[in-house]
Amino acid sequence: MRRRRRRRIIPWTGILVCLFGIGLSGCNNDSANSNLPKAGGKGKDSADKPLVIACSELSDSLNPFSDLTPSDKIALDLTFSSLISFDRKGEPIKWGLDGEKKNYNGKEYTYKSVADLSFRYDEAKDRTIYTFTLGKDVKFSDGEKVNSDDLIFSMYAYLDESYKGDVKIKDADILGYTSYISGNSDYIAGIKRVSNNVVEVTTGGYDIETIHEMDIPICPLHYYGQKDKYHYSDREFGFNKGDISSLIKDKDFAIGTGAYKLVSISRDSAFFDANEDYYKGCPKTAFITLKNRGGSDENKLYSELCEGVYDMAVFDNSQLVYSFAVLSNDNGTTSGNDFTAQFIDGEEYQCICINANNICVNKRPDTTKSKALRKAFATLFACNRSAAIQKKFGFSTKVINYPFMASSWAVPDTEDEDYREAYAYDNENDEMFDKNMDPETRYEKALEVAKDYFKEAGYIESEGILKPNDDLKDMEYEIYLPLEHDDGAVVYTYLSEIVKYLDGIGIDLKIKYVKDSKIEKKLKKNKLSMWCQNFKADPNADLKGLYYGDYKLDNNIFGIMDGNLDENIDNISVTDSYSKKAKLYKKCFNKIFEWGVVVPMYQFTKGVVFRSDNVNTKTISADLTGNYSWLDEIEKVEVI
């Protein structure tokens, strides 16, 4: 079982006390900004006022080859551009040099990148060839142009055995890497310099994660490396193999291709100037300050944001953000005169899970009757998720209809013709609900469909009450909820209502509120029938670890054994077209729902908040997602 992240839900009383402590008259006090030190650079057509961003503790220096704190990584993203750009759904941008147009949420967006990307899978050789074409006019912040040698140097540095940071390119299965590291080769065969701005990388097999693993910062050879030790034809790559210490020491500045240039950094703050050579254009705001907020109290952080200590902050507690913004803004929404808030995918999503081996008829989980039994419960579990979740969290949390992170490219977009609400169709595949149905009517309609599924599984109806036949008489139904998480209480309240409806038709469902450790113990022994679980939001969209039938039973927690599903999962892993992959994912989701083993609940979210009186909110990127950060278009943000 994947570990759950503890989430702190601030009680409403605490929110109101904090709000009245701050005052609801608005956030017009910018005195805190007036005392902040300013960077010393100059940006075109920009105000001198810095954009002040709340962060956690920083390091005393910033080096792309060192271990980095979470806030160091923000500083790195401001200063460096990554080799690969991704759209709002997490799909890699291929033609970013001229700008690639892609749709999201019914809107068209243009994406830029430092390099064009192409890749193809050679099935005969079981290899994938990635080609990176660097922009000929892309420059580092010191004015030097980027070329293939900078990229090759960066790759070798991050692949070196002495590199211990978070960059994952070592996992990319680049041909010749193992021989190089073991000393059997003096170069990596899979990294090839094609021309001054083209690099080709060949990997074994095809794995969707490889794109993310190769997404490295591009670092200048002339600044971080030793130019006298770089000779591509002589197989020298800018440092002594096995020792990247020369790339880290005695570096007073950080030089990259990002939107900003680092002026200075300490544990408490970092100051940045606009990079006038930035490949997307000179940033609209001349200066940025990262300021250490200290501690983890998000009520305090919001108070300081309101007082003008910061212009922008990211919150884990999206309910807090929603409540503050709605109550503070004059228009009663999350975008108003005081605050502009957006909600992005967090690190986890939640599902109600059903084990096919334990909820089945005659110990045969793959039969039509067994699937109907599970879908009877799933139909009721799903019918009023939106109302229950909105009541607790407002609109700060996304209800999901697929068992994945909401903004993943693998999930159908709400604008797609085949986008479907989970378990909102009866056993004749007709839609159950219309947009105007109130929660009570939705319960009644779902209960009718659930009864049909129960009868299909073998229950016999008499005067509105369902009675089990001989195949079902020993079945017991219970669902385990996590005692140690506040979000478990939301599901408990919701399921308690469903228990009443089930009881009214003769089905006894017991809710057990237990510790995580007990859930995990029962999962390992394959003893759980139904339970609530949080899953890590995976940008690589992996299905194999949870739903693949050939896996050991303790890994396949849902108990699915379906050859058709396994085949589609296998085909995903060897398909290098994202559009074809997306079609395969739809087939997989349909098969998973056919088995009735998972009910998607909601995506945990984070709140990204700007002060509306200090920032031109029209310049903030729209439709931020877990794949597309507020940092991805930081060059457009204007301070007022």
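Values reported hereafter were calculated over all heavy atoms of this structure, with side chains retained and with hydrogens, waters and symmetry mates removed.
Proximity of the aromatic rings of Tyr349 and Tyr602 is defined here by a centroid distance below 6.0 angstrom, and this criterion is not met. Checked against the 6.0 Å centroid criterion, the rings of Tyr402 and Tyr419 qualify as a close aromatic pair. Checked against a 6.0 Å centroid threshold, the rings of Tyr585 and Tyr578 do not count as neighbours. The six-membered or imidazole ring of Phe393 lies away from that of Tyr322, with a centre-to-centre distance of 6.0 Å or more. Here the two rings, on Phe86 and Tyr111, have centers that are 6.0 Å apart or farther. Here Tyr425 and Tyr423 keep their ring centres 6.0 angstrom or further from each other.
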| Steps toward side chain to side chain donor-acceptor pair (under 3.5 Å) verdict (Thr493, Ser496) | CA-CA 5 Å; Thr493 302; Ser496 296; over 6 Å; no
| Derivation and outcome, side chain to side chain donor-acceptor pair (under 3.5 Å), residues Tyr628 and Glu633 | CA-CA 9 Å; Tyr628 201 75; Glu633 293 183 18; 2.8 Å; yes
| message | As a quick check of understanding, evaluate side chain to side chain donor-acceptor pair (under 3.5 Å) for Asp623 and Asn105, giving each step before the final call. | response | CA-CA 8 Å; Asp623 285 330; Asn105 200 20; 3.2 Å; yes
| task | Could you go through the side chain to side chain donor-acceptor pair (under 3.5 Å) check for Thr575 and Ser577 one step at a time? | result | CA-CA 6 Å; Thr575 302; Ser577 164; over 6 Å; no
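No donor-acceptor pair closer than 3.5 Å links the side chain of Lys606 to the backbone N or O of Glu347. Side-chain atoms of Asp345 do not come within 3.5 Å of backbone N or O of Met405 as any donor-acceptor pair. A donor-acceptor pair under 3.5 Å links the side-chain atoms of Ser573 to the main chain of Asp570, judged by distance alone. When atom types are taken as modelled, the side chain of Arg611 and the backbone of Thr340 share no donor-acceptor pair closer than 3.5 angstrom. Of the possible donor and acceptor atoms, none in the side chain of Asn568 sits under 3.5 Å from a partner among the backbone N and O of Leu565. Glu298 places a side-chain N or O within donor-acceptor distance of the main-chain N or O of Asp316, the cut-off being under 3.5 Å. Judged by distance alone, with hydrogens and angles left aside, the side-chain atoms of Ser407 form no donor-acceptor pair with the main-chain N or O of Lys89 at under 3.5 Å. Of the possible polar contacts, none joining the Asp471 side chain to the Val361 backbone as a donor-acceptor pair under 3.5 Å is found. For Asn317 (side chain) and Leu320 (main-chain N/O), a donor-acceptor pair under 3.5 Å exists by modelled atom type. A donor-acceptor pair is defined here as one N or O able to donate and one able to accept, closer than 3.5 Å; no such pair exists between the side chain of Glu456 and the backbone of Lys371.
Here the CG-CD distance, from Leu584 to Glu567, works out to 9.5 Å after rounding to the nearest 0.5 Å. The line from OG1 of Thr367 to CZ of Arg364 is 6.0 Å long, rounded to the nearest 0.5 Å. Interatomic distance, SG of Cys383 versus CZ of Arg442, reported as 6.5 Å (0.5 Å rounding). Lys512 NZ to Glu478 CD: the interatomic distance, rounded to the nearest 0.5 Å, is 4.0 Å. Distance check: Ser318 OG to Gln342 CD gives 13.5 Å after rounding to the nearest 0.5 Å. Rounding to the nearest 0.5 Å places NZ of Lys522 at 12.0 Å from OG of Ser517.
One finds a salt bridge joining Glu594 and Lys591 here, because a Lys/Arg side-chain nitrogen approaches an Asp/Glu carboxylate oxygen to under 4.0 Å. A salt bridge between Lys524 and Glu520 is absent, with no side-chain N of the basic residue lying under 4.0 Å from a carboxylate O of the acidic one. The residues Lys518 and Asp516 are annotated as not salt-bridged, no charged nitrogen and carboxylate oxygen being separated by less than 4.0 angstrom. At a threshold of 4.0 Å, the pair Lys73-Asp166 counts as salt-bridged, since one of the basic side-chain nitrogens sits closer than that to a carboxylate oxygen. Taking the charged nitrogens against the carboxylate oxygens, Lys467 and Glu461 have no contact shorter than 4.0 Å, which rules out a salt bridge.
Counting heavy atoms from C-beta outward, Asn357 and Met561 have side chains that stay 4.5 Å or more apart. Residues Ile479 and Leu495 have side chains in contact (heavy-atom distance under 4.5 Å, counting atoms from C-beta outward). A heavy-atom distance below 4.5 Å is not found between the side chains of Ser529 and Tyr480. A heavy-atom distance below 4.5 Å is found between the side chains of Gln350 and Val491. Proximity of Thr397 to Gln603: side-chain heavy atoms (C-beta onward) are nowhere separated by under 4.5 Å. Counting only heavy atoms from C-beta outward, the side chains of Asn358 and Asn526 approach each other to under 4.5 Å. The closest side-chain heavy-atom distance from Phe324 to Leu305 is not below 4.5 Å. In this structure the side chain of Tyr477 reaches within 4.5 angstrom of the side chain of Met530, judged on heavy atoms.
Checked by atom type, the side-chain pair Asp338/Asn329 shows no donor-acceptor distance below 3.5 Å. Using modelled atom types and a 3.5 Å distance limit, the side chains of Asn614 and Asp311 yield a donor-acceptor pair. Using a 3.5 Å distance cut-off with no hydrogens or angles, the side chains of Glu444 and Tyr501 do not pair a donor with an acceptor. Defined by atom type and a distance below 3.5 Å, a donor-acceptor pair is missing between the side-chain atoms of Ser335 and Thr333. Counted by atom type alone, Asp438 and Thr441 present one or more donor-acceptor pairs between their side chains at under 3.5 Å. Arg374 and Asn355 share no donor-acceptor pair across their side chains, judged by distance under 3.5 Å alone.
Put simply, the residue from Tyr302, Tyr310, Phe610 that forms a ring pair (Phe, Tyr, Trp, His ring centres under 6.0 Å) with Phe339 is Tyr302.
The nearest pair of heavy atoms linking Gly346 to Ala537 is O-CB, 3.8 Å. Pairing each heavy atom of Phe593 with each of Asn401, the nearest pair is CZ-O, 3.3 Å. Summarising the geometry of Leu481 relative to Cys532, their closest heavy-atom pair is CD2-CB, 3.6 Å, with the distance given to 0.1 Å. Across every non-hydrogen atom of Val314 and Leu301, the tightest pair is O-CD2, 4.2 Å. Looking at every heavy atom in both residues, Leu380 comes nearest to Tyr494 through O-OH, 3.5 Å. Closest heavy-atom contact between Asn337 and Ser612: O-CB, 3.4 Å.
No more than 12 heavy atoms of other residues, nucleotides or ligands shown are found within 6.0 angstrom of NZ on Lys583. Other residues, nucleotides and ligands contribute more than 12 heavy atoms inside 6.0 Å of the NZ atom of Lys102. Applying the 6.0 Å contact sphere to CD of Glu476 captures no more than 12 heavy atoms from other residues, nucleotides or ligands.
In this structure, Lys544 forms a cation-pi arrangement with Tyr548, its terminal cationic atom sitting closer than 6.0 Å to the ring centre and no more than 45° off the ring axis. In this structure, Arg88 satisfies the cation-pi test against Tyr109, with its NZ or CZ atom closer than 6.0 Å to the six-membered ring centre and inside 45 degrees of the ring normal.
Classified by interplanar angle (parallel below 30°, tilted 30° to 60°, perpendicular above 60°), the ring pair Phe558/Trp531 is parallel.
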